[in-house]
Amino acid sequence: MTDFITFRTVNEMRTQVATWRNAGLTIGLVPTMGGLHSGHQKLVSRAAKKCDRVIATIFVNPTQFGAGEDLDSYPRTEIEDCKMIMDAGGNAAFIPSVSEMYPDGFATTVQVAGLTDMLCGATRPGHFDGVTQVVSKLLIQAGADMAFFGEKDWQQLAIIRRMVLDLDIPTKIVGVPTVRDEFGLALSSRNGYLDAAQIEIARQFNVILRKAAYDIAAGGFAADECAKAAQLILDAGFDRIDYVECRDAHSLELIERVDDEETRIFAAAYLGPARLIDNHSVS
Ligand code: PAF
C-alpha cells in the first residue's frame, strides 16, 4: 500500500497522475462532496478493484445548491473522510478550495438538455448544471480511466453518461448499486440530518417504493401505483412529496405500463430537514 496523498491543487493531482501513468498504472476517480458513509466506501473499493490507483475528490460544490438549500450545513468532515477513503483502498484525496475550482473570471457552464428537465431537475432548477459543471472539470482535471458514481443518484448518473458521450471525455463511467441499511434505507450524507424517530419514518420510503415497483411489474398502471405510493409515503410521516414516477431507466421518459424496456420507479420526498431520494428497478 502506498502512502495516502492529499492534493489541494489541480497541478499537484496532475503531477502525481502523470507519475502513476508513466509507471503504467490505471487511475480510478470517485467524485464526492464529503460527509462520507459506507456507500462512498463501496465506490472507492469498487474503484480499487478495477484500477491500480484511486483518487476520491471531496468538494462541496456551491454551484449545484439552490437558494435556501443546505450548502452551509452540508457535512464537512475532511479528516474522517480521508480515513474512510484509505480504509476502503483509496490512495489519494483531491480536496480543492472553491477558488481553485472556480477562480475569478470563471465563466463556463456545461448543460445537458432534456434529461435535466424532469425529476430532481424540475424542482431543483440549475442543480444538474452545477453537477455537470463540476464533474466535467473533475474528469478533465484527473484524466482518470474510470469514474465511479452511486446508482442512488440515478438521474445524475444518466446525465453524466450523456455528458461524457457528448463531450468525448475519455473516462469510463461506472454505476455502483445503492448501499442500504438493514431496513433498506438508502445511505445518504443527508440521513445525518434526521433524528431517531425520523429515521424510522425514512425506512418506510424504500418499502413503499418496492411494493409499488412490484405492483407495476405485475401489470398495474404506473401513474395509479405511483399516486398510491405517494399517499402511503405521506401517511408514513413524510411532510411533502416532490415526485413518485415510473420512467425508462435510460431515456427517463415516463412509462405507463412496463414492457421490455428497463424501467425504474423514482421518488423524492421531504422529511424534516432532509430531502430523500431513492429509485428501484421495476421488473
Ligand atoms: O453525487 C454527488 O455527491 C455530487 O453530485 C458530485 C457527483 C460529487 C458532484 O458534486
Side-chain angles (χ1 to χ4, degrees), residues 7 10 13 28-44 46-47 54-66 69-78 80-82 84-85 88 90 92-98 100-102 106 108-112 115-116 119-121 123-142 144 146-164 167 169 171-179 186-193 266 268 274-279:
F7 313 118
V10 177
M13 176 166 65
L29 189 75
V30 180
T32 85
M33 295 205 300
L36 298 201
H37 48 68
S38 39
H40 295 109
Q41 284 192 300
K42 183 164 166 198
L43 299 180
V44 173
R46 181 63 58 89
V54 176
I55 304 170
T57 72
I58 301 174
F59 180 62
V60 184
N61 173 37
T63 69
Q64 68 187 78
F65 287 80
E69 291 190 343
D70 55 344
L71 172 62
D72 293 337
S73 55
Y74 202 86
R76 286 161 171 88
T77 51
E78 188 182 305
E80 295 85 343
D81 291 346
C82 286
M84 290 184 81
I85 295 165
F94 174 47
I95 315 178
S97 62
V98 172
E100 177 71 9
M101 292 300 275
Y102 303 117
F106 189 91
T108 300
T109 53
V110 178
Q111 191 177 45
V112 174
L115 291 174
T116 53
L119 299 172
C120 291
T123 41
R124 300 185 71 192
H127 165 67
F128 287 121
D129 296 346
V131 170
T132 46
Q133 183 179 52
V134 77
V135 172
S136 58
K137 280 177 68 74
L138 292 169
L139 295 177
I140 292 165
Q141 288 163 347
M146 298 186 189
F148 298 78
F149 297 87
E151 290 183 353
K152 181 172 81 66
D153 297 292
W154 188 279
Q155 184 180 13
Q156 169 174 281
L157 182 55
I159 291 165
I160 290 169
R161 286 190 198 284
R162 182 77 253 167
M163 176 187 79
V164 162
L167 297 183
I169 297 175
T171 302
K172 182 175 177 200
I173 302 301
V174 182
V176 178
T178 305
V179 177
L187 298 193
S188 162
S189 308
R190 291 186 168 105
N191 292 352
Y193 300 157
F266 297 87
R275 178 179 179 279
L276 302 188
I277 63 171
D278 202 350
N279 68 88

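Counting convention: from 1, in listed order, for ligands and their atoms alike.
In the vicinity of V134, heavy-atom distances shorter than 4.0 Å reach the ligand 1 atoms 9 (C), 10 (O).
Between R275 and E69 no salt bridge is recorded (no basic side-chain N to carboxylate O distance below 4.0 Å).
Contacts between T32 and ligand 1 below 4.0 angstrom, taking non-hydrogen atoms only, involve the backbone exclusively.
In this structure, the side chains of K42 and R46 come closer than 4.5 Å at one or more pairs of heavy atoms.
Rounded to the nearest 0.5 Å, atoms CD (Q111) and CZ (F128) are 12.5 Å apart.
Not one N or O of N61 is nearer than 3.5 Å to an N or O of ligand 1, by distance alone.
Scanning all protein heavy atoms for the shortest distance to atom 5 (O) of ligand 1 gives Q156 OE1, 2.7 Å. Among protein heavy atoms, the minimum distance from atom 10 (O) of ligand 1 is reached at Q64 OE1, 2.6 Å.
The side chain to side chain donor-acceptor pair (under 3.5 Å) contacts involving residues 152-164 comprise R162-D166, where partners must be two or more places apart or lie in separate chains.
A donor atom on one side chain and an acceptor atom on the other are found under 3.5 Å apart for Y102 and N61.
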